[in-house]
Protein chains: 2
Amino acid sequence: MNLKQLSELLGLSQTTVSRALNGYPEVNEATRERVLRAVKETGYRPNKAAQRLATGKAGSIGLVMPTAPGHQSDVHFGEFLAGLGEEAVRHDFHFVIMPADPDDEVAALRRLAISGNVDALFVAYMRGHDPRLAMLKSLSMPFVVHGRSFGSEPDYPYLDIDNEAAFYEAARLLLQLGHTRFALMNGPAHLDFAIRRRNGLIAALGERGLELADDCTSHTVMSDEEGLIAMERFLQLAERPTAILCSSTVLALGAIRAVNQAGLKLGENISLIAHDDVLPLLKPENFSVPLTTTRSSLRAAGVRIAQRLIGTVKQAGPFPEQELWKTELIVRASTGPAPQS
Amino acid sequence: MNLKQLSELLGLSQTTVSRALNGYPEVNEATRERVLRAVKETGYRPNKAAQRLATGKAGSIGLVMPTAPGHQSDVHFGEFLAGLGEEAVRHDFHFVIMPADPDDEVAALRRLAISGNVDALFVAYMRGHDPRLAMLKSLSMPFVVHGRSFGSEPDYPYLDIDNEAAFYEAARLLLQLGHTRFALMNGPAHLDFAIRRRNGLIAALGERGLELADDCTSHTVMSDEEGLIAMERFLQLAERPTAILCSSTVLALGAIRAVNQAGLKLGENISLIAHDDVLPLLKPENFSVPLTTTRSSLRAAGVRIAQRLIGTVKQAGPFPEQELWKTELIVRASTGPAPQS
DNA sequence: AGTGGCTTCCAAAGCGCTTTAAAATATGTA
DNA sequence: TACATATTTTAAAGCGCTTTGGAAGCCACT
């Protein structure tokens, strides 16, 4: 059943039927009712491909999912997607997910954009000086970035959390507790959030005349294994750090294993603050020693970004172009006064 | 740049250019080269919507993502998706993800199918007597089910692991170790895998004249909280179970917290075997007491299902309709002889 | 020269929808 | 009643691609 058949059945033109369905005003209310009833009876559904071809709109937002045989899947990604989905389902939008090699994200994004399959783009895993920004701007397709790109003019639509402030505040707390030897377990060095969190920590240390040593910094994929390895390395240093800032509760998971294996007590011998993306699987309050965290819900960010994206496509009022969310610093048991040594 | 412009530029007809691009034989090799070169230079990309309208093929596979404001995102889903993606990227396929309320999956699936946005469907979270099967069969669109539907004729294409055998074998091991009081921490009772795993356990117990008590069975969402709660309940029973079968390492995470809090030792006072979906985040060997598990990679299943789905769409040879993977029983430290009481 | 068979190319007809421009009909006003 | 103005409907032109059904050109063979 297509539009032509339906209109013949009704003795109307395709135009009128199409208009009746799409809520145009220039159609008699009685006719509209008649059309709607016929649609119900026949189970007619407009062909999306044709609709898309005619309008250029697809009712979908596109995103690139980094993946590769060796590439370990990222809980953060899933959680964020859940947020996007929660909002999308309210507006009958869907996603087009383009899987792509992590080294090929620019090209994948371009392919996705020109595929004509999506109305808007969502972009994550931002890097410093991210090359995708220039491409996105040249595209004339709405997009929202999750995060920012350090070193680029912040003139693009984004939603980010204040990573610098988060780790600055976290470091301040630890400084107040008397800690002087800090370590940082961070995400991959090229990623924007990693750069900013590091800067936040360095700024706080700088105010006290302290520095962040290179051998007290690790930049890795945020898996628990890497957390374990990094922490083991820190613990073997002559001047062992007593205060750890950690970019994810996933990293913290491994880090804490290392702490336990070394026979140390979290919150006593060693203090740790992790950033908490509010992953359902990894609640900081459920750790054997509940974790002090900087918190911001990844899922909430997903919801908000979907709102902005869909709103823009539907031209539903203006949205703020740039949003910077504050994180919350939540003190639990993994932080304590610096040990006397 | 569209086909018309490109063909004018080349002084060829649209037909010839289209054929040159799609590898049809009736075009001179020299002309084809010329076309290909022009494509490179101009950066021409065929409009997908038009292609789809003309061919009816979309180059994408559809799936429903259960989501709702309260609905906690599922690590298993993300991991599986990564597997699908890994394969899809090899064939330039993408996904169309339709977010849907978990109670609305049938309707969502139908919407997705008739949307014309997808060539094939992937279906998961199978239930006993799943109503989606009948709908899928009536659809004349290729699909593959992950899991099976207990109580339905197994005449649909699926990939499943042998859940019954997995828990049967796991229970046998614990029986051999002398355990007699068993408990089961399972997924939601209506889901197929939960039904089968329970059956596997009951079968093994039955052979020894044992039964699975109702108060030693929990069916919950597979979160660590629920694991904690269930285990706490088990531990308060007068006849405390000493052998636990657990449907996910996520549940085990919470369960083990309860065990620790009760001052019990895993592998001594209480033995536990969990099913391991090989989540990167939750490696059983990294638990403080490494976990004995039944193992089967969710991600590998994703890859395989994508293969079958894409292969079918591309008509690339026949695939087995039904596949049942064996799980591996891997013994680590969380299982030990039944305590003498 | 005429015929048949290849190879290579093309014009044009869709695919199913939206939308423009115009026609038909209804309504209001002098 | 006649005319201008609203309201409602329509025919037809796309959107950008694939594919059908020829046609043109070329060759070899009678």
Atom CG of Asn47(A) and atom P of dG16(C) are separated, to the nearest Å, by 7 Å
* **Expected output: side-chain Asp74(A) to main-chain His76(A) donor-acceptor under 3.5 Å** =>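 Side chain of Asp74(A) to backbone of His76(A), a donor-acceptor pair under 3.5 Å: yes, one is there.
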Item to check | Side-chain (Arg127(A)) to main-chain (Arg132(A)) donor-acceptor, under 3.5 angstrom | outcome: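 No: the side chain of Arg127(A) does not pair with the backbone of Arg132(A).
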Using the rule ring pair (Phe, Tyr, Trp, His ring centres under 6.0 Å), only one of Phe143(B), Phe77(B), Phe95(B), Phe80(B) pairs with Phe122(B); which is it?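 Option passing the ring pair (Phe, Tyr, Trp, His ring centres under 6.0 Å) with Phe122(B): Phe80(B).
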- Any donor and acceptor pair, going by atom type alone, linking the side chain of Arg308(B) with main-chain N or O of Glu321(B) inside 3.5 Å?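 Present.
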Ordered by number, residues from residues 15-40 of chain A within less than 4.0 Å of DNA chain D (heavy atoms) are Thr15(A), Thr16(A), Arg19(A), Glu26(A), Val27(A), Asn28(A), Thr31(A)
Exercise for the section: Measure from the side-chain N and O atoms of Tyr156(A) to the backbone N and O of Ser149(A), and report whether any donor-acceptor pair falls under 3.5 Å. Expected result: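 Side chain of Tyr156(A) to backbone of Ser149(A): a pair is present.
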When the rotation axes relating C1' atoms of four end pairs to the next four are compared across the helix from dA1(C)-dT30(D) to dA30(C)-dT1(D), five pairs an end, they differ to 10° by 60°
Output yes when a side-chain donor or acceptor of Asp277(B) lies under 3.5 Å from a complementary backbone atom of Leu279(B), and no otherwise. no
Practice task
Mark yes or no for whether Asn28(A), through its side chain, and Ala30(A), through its backbone, hold a donor-acceptor pair below 3.5 Å.
Solution key: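 Such a contact is found between Asn28(A) side chain and Ala30(A) backbone.
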Within residues 1-14 of chain A, those residues having any heavy atom closer than 4.0 Å to DNA chain C are Asn2(A), Leu3(A), Gln14(A)
Query - Test item: Asp119(A) side-chain N/O and Gly59(A) main-chain N/O as donor-acceptor pair under 3.5 Å - result: yes
Exercise for review: Locate the shortest heavy-atom distance separating Val278(B) from Glu79(B); write the atom from each residue and the value.
Suggested key: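 Residues Val278(B) and Glu79(B), closest heavy atoms: O-OE2, 3.6 Å.
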Original post:
Below 4.0 angstrom from OP1 or OP2 of dG16(D), is there any side-chain N or O of Gln51(B)?
Top reply: no
* Would Ile61(A) and Val118(A) count as a side-chain contact (heavy atoms from CB on, under 4.5 Å) if you check the C-alpha gap in whole Å, the side-chain angles of each, and the deciding distance to 0.1 Å? -> CA-CA 5 Å; Ile61(A) 82 177; Val118(A) 299; 5.9 Å; no
